[in-house]
Amino acid sequence: RNENDAEHAWHMAIMAYLLQEYSNEPVDIAKVMLMCLIHDIVEIDAGDTYAYDAEGLKTQKAREDAAKERIFSLLPDEQKEELTALFDEFEAYETPESKFAHSLDNLQPLLLNNSNGGGDWREHQVTSEQVYGRQRKTQLGSETLYKVTDQILKENIEKGNIKES
């Protein structure tokens, strides 16, 4: 079965702790773990957009911004501000913490897809250009994890799970 968003967030948070030594820069691991836990909360409300869905990606930001405001507005002001800032930091992809958290957000589903024989890539006829376009950002947070990513992608291209572009 496909994992749900809660499982994805939990896996990422555990990965953050276990793989923190592979971050390109020192990070506040508690902050990274919290980013991992909240990064898809708005996606749950706004509707999940598949990573390679060009049409869905066009409206994703607007849908997620509205969901972010609705969800975080349920909290007391101080918590709303804190979680909104943390979510926005993750989305901005500028700090060592957000870059490392994004590396995990890219790596975790890749590992799952690899473990099921590349089924999702085959089902959606994903090309190497699409996957590398998304996965290259992994190296911004972790060169080491990108090397693992690159190896997995090359193996799946060779097996025909990912179409060569």
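- Salt bridge absent: Glu129 and Arg134 never bring a charged side-chain N and a carboxylate O closer than 4.0 Å.
- Between His39 and His8 the shortest side-chain heavy-atom distance falls below 4.5 Å.
- Taking both residues in full, the closest heavy atoms of Leu107 and Gln135 are given as N-OE1, 4.4 Å, listed atom of the first, atom of the second, then distance.
- Looking at Glu155, its side chain never comes within 3.5 Å of a backbone N or O of Ile152 through a donor-acceptor pair.
- At least one side-chain heavy atom of Met35 sits under 4.5 Å from a side-chain heavy atom of Ser98.
- Note that the CG atom of Leu37 and the CD1 atom of Ile14 stand 8.5 Å from one another [nearest 0.5 Å].
- Inter-residue side-chain proximity for Leu112 and Asp120 is flagged as unmet; no heavy-atom pair is nearer than 4.5 Å.
- The two residues Pro109 and Leu104 make their nearest non-hydrogen contact at CD-O, 4.2 Å.
- Minimum heavy-atom separation, Cys36 to Ala101: SG-CB, 4.2 Å.
- The shortest side-chain heavy-atom distance between Val131 and Asn156 does not fall under the 4.5 Å cut-off.
- Trp10 and Leu18 fall within a single hydrophobic cluster, where Ile, Leu, Val, Met, Phe, Trp and Tyr are joined by side-chain heavy atoms under 4.5 Å apart, directly or via other members.
- Side-chain atoms of Ser142 never come within 3.5 Å of backbone atoms of Ser23 as a donor-acceptor pair (strictly under, hydrogens ignored).
- Considering CD of Gln108 and CG of Leu19, their distance stands at 11.5 Å, rounded to 0.5 Å.
- Taken from NZ in Lys159 to NZ in Lys154, the straight-line distance is 15.0 Å, to the nearest 0.5 Å.
- Using a 4.5 Å cut-off on side-chain heavy atoms (C-beta onward), Trp121 and Thr127 make no contact.
- Expressed to the nearest 0.5 Å, how far CG of Asp105 lies from NE2 of His102 amounts to 7.0 Å.
- If you check the side chains of Ser165 and Ser128, you find a donor sitting under 3.5 Å from an acceptor.
- A distance of 13.5 Å separates CD in Glu97 from CE in Met33, rounded to the nearest 0.5 Å.
- Here the CG-CZ distance, from Asn106 to Arg136, works out to 12.5 Å after rounding to the nearest 0.5 Å.
- No salt bridge links Glu94 with Lys99; every basic N to acidic carboxylate O contact stays at or beyond 4.0 Å.
- Although no hydrogens or angles enter the test, the distance criterion places no donor-acceptor pair under 3.5 Å between the side chain of Glu81 and the main chain of Glu78.
- Here the closest non-hydrogen pair linking Thr144 and Tyr22 is CG2-CD2, 3.6 Å.
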- prompt: salt bridge (charged side-chain N to carboxylate O under 4.0 Å, His left out) between Lys80 and Glu69: does it pass, once the steps are laid out?
  reply: CA-CA 9 Å; Lys80 174 190 175 183; Glu69 180 60 28; 3.0 Å; yes
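- When the side chains of ILVMFWY residues are joined at heavy-atom separations under 4.5 Å, either directly or via intervening members, Tyr17 and Val148 end up in a single hydrophobic cluster.
- Asp40 contributes no side-chain N or O that, together with a main-chain N or O of Ala6, makes up a donor-acceptor pair within less than 3.5 Å.
- A cation-pi arrangement is absent between Lys68 and Phe87 under the rule of less than 6.0 angstrom and at most 45 degrees off the ring axis.
- Minimum heavy-atom separation, Ile71 to Val42: CD1-CA, 4.1 Å.
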field: Ile41 vs Asp5, side-chain contact (heavy atoms from CB on, under 4.5 Å): CA-CA, chis, key distance, verdict
entry: CA-CA 8 Å; Ile41 287 175; Asp5 286 312; over 6 Å; no
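- Considering only heavy atoms from C-beta on, Phe100 stays 4.5 Å or farther from Asn24 through its side chain.
- For the residue pair Asn113 and Gly119, the shortest heavy atom distance occurs at OD1-N, 3.6 Å.
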message: Quick one, Ile157 with Tyr132, criterion side-chain contact (heavy atoms from CB on, under 4.5 Å). Give me CA distance, side-chain angles, the key distance, then yes/no.
response: CA-CA 11 Å; Ile157 291 167; Tyr132 272 107; 3.8 Å; yes
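- Linking ILVMFWY side-chain heavy atoms closer than 4.5 Å, directly or via other members, places Leu145 and Leu140 in two distinct hydrophobic clusters.
- Under the 3.5 Å distance criterion, the side-chain polar atoms of Glu64 are left unmatched by any main-chain donor or acceptor of Glu43.
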task: Carefully, step by step, assess Gln151 and Lys147 under the rule side-chain contact (heavy atoms from CB on, under 4.5 Å).
output: CA-CA 6 Å; Gln151 178 183 344; Lys147 289 176 186 172; over 6 Å; no
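- The side-chain heavy atoms of Met15 and Leu111, taken from C-beta on, include a pair separated by under 4.5 Å.
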